*Asks:* 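Below: one structure in structure tokens.
Hydrogens, waters and symmetry mates play no part in the numbers below; they use all other heavy atoms, side chains included. Quantities reported herein were computed from a predicted structural model and do not represent experimental measurements. Sequence positions, counted from 1, serve as the residue numbers for this chain.
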Amino acid sequence: MGRETGQHGPAYFTGGLMVREEVLREVAGDLMANLFHLCRLNGVAPAAVVAAGAMHFLAEVAEEQPVVELGMPADQETPRGQSRSS
């Protein structure tokens with residue numbers, strides 16, 4: 001399918017995990033759409049799958065970094081200008 005859509009070759013995928021933002025948005029969007037079709041076929045609400053995925057992601061990030069707020073490292077400032085470490 002990638003050959004038909006242009007999603008192939010070293011110009012598109014370098015073989016590593018770092019890809020251009022537009023490539024990631026396109027590929028991730030396609031993956032999510034396919035998952036949503038699978039959900040629909042099985043009578044599962046896509047929003048429930050998104051919520052479960054977000055929950056798993058946040059739990060995994062919390063294991064990597066003890067304090068997670070808005071995706072910022074613990075030593076950075078919060079949007080209100082108050083340090084999280086104080």
Side-chain angles (χ1 to χ4, degrees):
M1 184 65 153
R3 292 189 192 281
E4 295 173 21
T5 63
Q7 297 173 336
H8 72 285
Y12 201 79
F13 291 112
T14 62
L17 294 178
M18 301 304 293
V19 295
R20 296 186 322 268
E21 180 179 346
E22 65 271 14
V23 170
L24 181 57
R25 286 178 182 261
E26 182 178 350
V27 173
D30 287 346
L31 174 60
M32 290 177 69
N34 290 336
L35 289 172
F36 293 168
H37 287 296
L38 180 63
C39 288
R40 187 175 63 115
L41 288 171
N42 288 279
V44 175
V49 173
V50 171
M55 181 184 68
H56 289 292
F57 169 74
L58 291 174
E60 291 167 4
V61 169
E63 290 174 1
E64 297 168 7
Q65 184 177 21
V67 178
V68 176
E69 181 180 326
L70 302 176
M72 296 184 300
D75 60 343
Q76 289 186 2
E77 298 292 314
T78 66
R80 295 184 196 95
Q82 299 170 344
S83 174
R84 279 184 245 146
S85 56
S86 57

*Asks:* To the nearest 0.5 Å, tell me how far Glu26 CD sits from Leu24 CG.
*Replies:* 10.5 Å
*Asks:* Under the side chain to side chain donor-acceptor pair (under 3.5 Å) test, which residues partner Arg40, sequence neighbours left out?
*Replies:* none
*Asks:* Could you work out the complete set of other residues in the hydrophobic cluster of Leu35, with links drawn between I, L, V, M, F, W and Y side chains under 4.5 Å apart?
*Replies:* Leu31
*Asks:* Flag yes if Val49 and Leu38 sit in one hydrophobic cluster, no otherwise; membership is Ile, Leu, Val, Met, Phe, Trp, Tyr, and two members link when side-chain heavy atoms are under 4.5 Å apart.
*Replies:* no
*Asks:* Please identify each residue that fulfils salt bridge (Lys or Arg N to Asp or Glu O under 4.0 Å) with Glu21, with sequence neighbours left out.
*Replies:* Arg25
